[in-house]
Amino acid sequence: MTGQAEAVPGTEVVSEAKVVADCYVDSVRLLEATRAMREAPGVDWAWALMATPANLEVLLEEGVAEGLDGAAANDLVLAVRGADEHLPAALLRAWAVLFEESGSAGAGAAAADARPADLDEALAAAPEANVAIVSVPGPYAALEAHKALSRGLDVLLFSDNVSLADEVDLKRRARSLGRLVMGPGAGTAVLAGVGLGFSNRVAPGPVGVVAAAGTGAQEVMTLLDRWGSGVSHVIGVGGRDLSSAVEGAMAEAAIEALERHEGTELTLLVSKPPAAEVAERLLGASRSKPLVAALIGLNQPVDAGPGVTVCATLEAGAAAALGALGSAEPDPVGSIDAEVAMLTTALDPSRRRMVGLFSGGTLAYEAMVIASRHIGPVFSNTPLEPSWSLPGPADAHVCLDLGEEEYTQGRPHPMIDPEARVEFLHRQAADPTVAVVLLDVVIGDGAHPDPAAVLAPLAAELVATGAAVVAYVLGTDRDPQGFERQRDEMRQAGCIVADTNARAALAAAALVNRDPALVHQDL
C-alpha cells in the first residue's frame with residue numbers, strides 16, 4: 001500500500017510510504033536500503049525500517065502518515081520524501097538492494113517470497129549452518145536466540161534493546177549447552193575468517209580476540225593485521241557482558257574456547273574496565289595460553305595471574321599481543337609529530353577547543369579517555385563522568401558519538417552514511433574557537449563504500465578556516481574501500497592522519513595544548 005502526505009507549501013516535495021506485510025529485514029540491509037534511497041536524485045529524506053511503534057512515531061514526526069494504518073512490527077516500510085516524480089525510482093533502488101534483484105517490483109516480491117520464513121526453513125535451506133544471526137526487534141530477539149540454541153547453534157545477537165534479564169537467561173543457558181551467545185548488540189565478529197556484521201578483512205593469524213566493544217574489536221584486529229600479524233577468530237560478546245549482572249559469562253566461555261583452539265596462540269580481551277569481581281575471575285585465573293587484556297580507560301591496578309598482561313588502550317593491547325608472540329614492536333607515532341609541531345605554531349592563539357565527531361562508539365570513548373588526561377573535561381552525549389554531560393560550557397571540549405540512538409533515529413548509522421556528520425562539520429567551520437576537529441573514518445564490510453570522498457572536502461573547508469583536522473582511518477589494505485586510498489584522500493584535504501585512534505587523540509590534545517611532545521606519550 002502507498003500513501004502521500006500533503007506537499008510542503010511552496011514546493012513540489014511530497015512524502016510516500018510503501019508497506020510490505022510480514023517481511024522482516026535485518027538492520028544492516030535496512031541501512032543499505034536507506035542509503036540507496038537517499039542517494040537517488042531528487043530525494044531529501046528517506047528511511048527503510050521495520051514498523052515498530054517507536055519507528056512509526058518517528059515517521060509521524062517526519063510528516064509521513066498515510067498508508068501506515070495497521071502496520072505492525074514485522075512489516076517492512078520504505079518511506080521517502082522528495083520531488084514527486086523521483087520517488088518511484090528511489091523506492092525501486094531500495095527494493096533492488098533489499099532483495100538483490102534487478103529492481104523490478106515483481107522480481108523483488110518473488111525474492112521476498114523465496115526467503116526463509118523462520119529458523120526451521122533457514123536450517124532446511126542451510127543444514128550445515130552452525131551460527132544463527134538474530135537481528136529482530138529487541139522484544140522478540142531473546143525468543144529467537146533461545147530457538148537457535150535449542151537447535152544446537154551458536155548465536156550472534158545483533159539486536160539491541162534486549163533486557164538485561166533476558167541476556168542473563170540466554171547466556172546462562174548457552175553456558176549449560178556449551179554454546180556462545182555473542183551480544184546483544186554484537187555488531188562485529190570474524191569466525192574462521194568469515195566476517196559478520198561490521199567487520200574488516202584481516203589476515204589469518206595466531207591472536208584470538210574477545211571483545212565487549214564493536215569498533216574496539218575492529219581497531220585491534222586491523223592493528224594486528226597492519227603490524228604484520230593476524231587473527232584466528234574475533235568473538236563479540238556485547239557491551240554488558242563483563243558487568244556484575246552478566247558476570248562475564250560469554251567472555252569466559254569465549255576465552256576457554258580460544259584456549260582449546262589449535263590455531264590460537266594468544267587471546268586479546270577488549271573491553272571497558274569490567275566489574276571488579278569479573279576482572280578477578282577472568283584475569284586472575286591460570287590460563288593455558290597468554291592473555292592480554294586491553295581495558296580502555298583502566299585507572300586502577302588489576303591483580304593479574306601469570307601470563308596475563310593488562311593495558312589501558314587498544315593500541316597498547318595490540319602492541320602487547322605482538323610482543324608476547326615475539327614480533328617486532330610497532331611504531332605507532334609515525335611522522336605525525338612533525339606535522340603536529342608545525343601546526344602548533346600556526347594555530348591562532350584564540351583557538352583552544354577540541355571537537356570530536358565519531359562514528360565508532362568505542363573509538364569515541366578511548367579518545368575521550370586519552371584526551372581528557374591532557375586537556376581536562378570533555379563533554380559528550382556518552383560522558384566519562386556524569387558532570388561532563390551535554391550541554392557543557394560555551395568553551396568546552398566536546399566529543400560526540402554520532403552512532404548513538406539520539407542521532408540515528410530516522411537515519412542510517414554514520415559508519416554507513418557519512419552524511420550524518422556533514423551538518424556537524426559545517427558548524428565547526430563557522431566556530432572560530434575550534435582548534436582541532438577529531439574524526440574517525442571506519443572502512444570495511446558493512447561500511448560506506450568511500451567515506452573519505454564525503455569527509456575529505458568538508459575537512460578541507462575546516463582547514464581553510466584555520467582549524468586543524470586529525471583523522472584516523474580504521475581498516476586494512478584488504479578492505480574494499482582501500483586503506484591507503486582513504487588515508488591519502490584525508491591527507492590531501494590537509495588532515496593529520498594518525499596510525500592509531502589513540503595517537504589521533506594524543507595529536508588532538510597536543511594541538512590544544514600547543515605541546516607536540518604529547519604524541520609520544522606512553523599508553
Side-chain angles (χ1 to χ4, degrees), residues 23-35 48-50 52 54-55 73-74 76 97-98 115-116 118-119 122-123 126 129-149 151 153-164 166-167 169-171 174 179-192 194-200 209-218 221 233-241 246 249-251 253-254 270 359-362 401 403-405 408-409 412-417 442 444-447:
C23 183
Y24 182 78
V25 177
D26 69 70
S27 303
V28 173
R29 298 296 294 281
L30 289 172
L31 292 170
E32 291 171 347
T34 298
R35 184 171 70 204
L49 62 142
M50 301 308 299
T52 62
N55 286 346
N74 207 43
L76 167 67
V97 166
L98 290 171
R115 296 177 65 171
D118 56 27
L119 181 63
L123 282 172
N130 56 12
V131 177
I133 301 177
V134 175
S135 180
V136 300
Y140 312 100
L143 176 60
E144 295 303 317
H146 275 297
K147 289 178 182 178
L149 290 174
R151 300 300 298 272
L153 302 172
D154 293 315
V155 177
L156 179 73
L157 188 48
F158 192 86
S159 306
D160 52 15
N161 297 315
V162 175
S163 74
L164 181 59
D166 281 340
E167 179 176 352
D169 287 344
L170 273 169
K171 290 183 172 179
R179 305 249 61 94
L180 292 173
V181 170
M182 297 168 274
T188 297
V190 178
L191 304 178
V194 178
L196 305 176
F198 295 100
S199 63
N200 298 89
V209 177
V210 177
T215 46
Q218 290 184 266
M221 77 166 100
H233 303 281
V234 178
I235 303 172
V237 295
R240 296 185 301 209
D241 192 79
V246 187
M250 284 301 103
V270 174
S359 62
T362 310
D401 174 6
E404 282 292 295
E405 185 175 345
T408 57
Q409 281 282 0
H413 190 283
M415 287 202 300
I416 289 178
D417 184 5
V442 181
D445 294 318

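The model shown is predicted, which means the values in this text are computed figures rather than measured ones. Heavy-atom basis, side chains included; hydrogens, waters and symmetry copies ignored.
With respect to L196, the side-chain contact (heavy atoms from CB on, under 4.5 Å) criterion is satisfied by exactly one of I133, D445, T188: I133.
D166 has its side chain out of reach of L143: every pair of non-hydrogen atoms, C-beta onward, lies at least 4.5 Å apart. Looking at L153 and L123, their side chains come closer than 4.5 Å, going by heavy atoms from C-beta outward.
Taking CG from N74 and CE from M50, the interatomic distance works out to 5.0 Å, rounded to the nearest 0.5 Å. Taking CZ of R240 as the reference point, atom CG of L164 lies at 5.0 Å (rounded to 0.5 Å). Taken from CG in D417 to OG in S359, the straight-line distance is 11.0 Å, to the nearest 0.5 Å.
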Could you walk me through whether M182 and L191 pass the side chain to side chain contact (heavy atoms under 4.5 Å, CB included) check?
CA-CA 11 Å; M182 297 168 274; L191 304 178; 4.0 Å; yes
Pair L180, V131 - check side chain to side chain contact (heavy atoms under 4.5 Å, CB included), show working.
CA-CA 9 Å; L180 292 173; V131 177; over 6 Å; no
Side chain to side chain contact (heavy atoms under 4.5 Å, CB included) between R179 and V155: does it pass, once the steps are laid out?
CA-CA 8 Å; R179 305 249 61 94; V155 177; over 6 Å; no
Show your working on side chain to side chain contact (heavy atoms under 4.5 Å, CB included) between T34 and I416 and close with a plain yes or no.
CA-CA 10 Å; T34 298; I416 289 178; over 6 Å; no
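With respect to E32 and R35, no salt bridge is recorded, no charged nitrogen being found less than 4.0 Å from a carboxylate O.
Residues meeting the side-chain contact (heavy atoms from CB on, under 4.5 Å) test with T215, sequence neighbours left out: Q218, T362, L363, M415. Every side-chain contact (heavy atoms from CB on, under 4.5 Å) that V234 has, sequence neighbours left out, goes to V190, V209, A217, M221, V231.
Not a single donor-acceptor pair under 3.5 Å links the side chain of D160 to the backbone N or O of G185. In this structure, D241 contributes its side chain and A212 its backbone to no donor-acceptor pair below 3.5 Å.
Closest approach of A189 and L156 over heavy atoms only: CB-CD1, 4.2 Å. Across all their heavy atoms, V237 and A251 have their closest contact at CG1-N, 4.0 Å. In this structure, N200 and G444 approach most closely via the heavy-atom pair ND2-CA, 3.7 Å. Of all heavy-atom pairs spanning E167 and G183, the tightest one is OE2-O, 3.9 Å. In terms of heavy atoms, G236 sits closest to A186 at O-CB, 4.2 Å. Nearest approach of K171 to V181, heavy atoms of both residues: CE-O, 3.7 Å.
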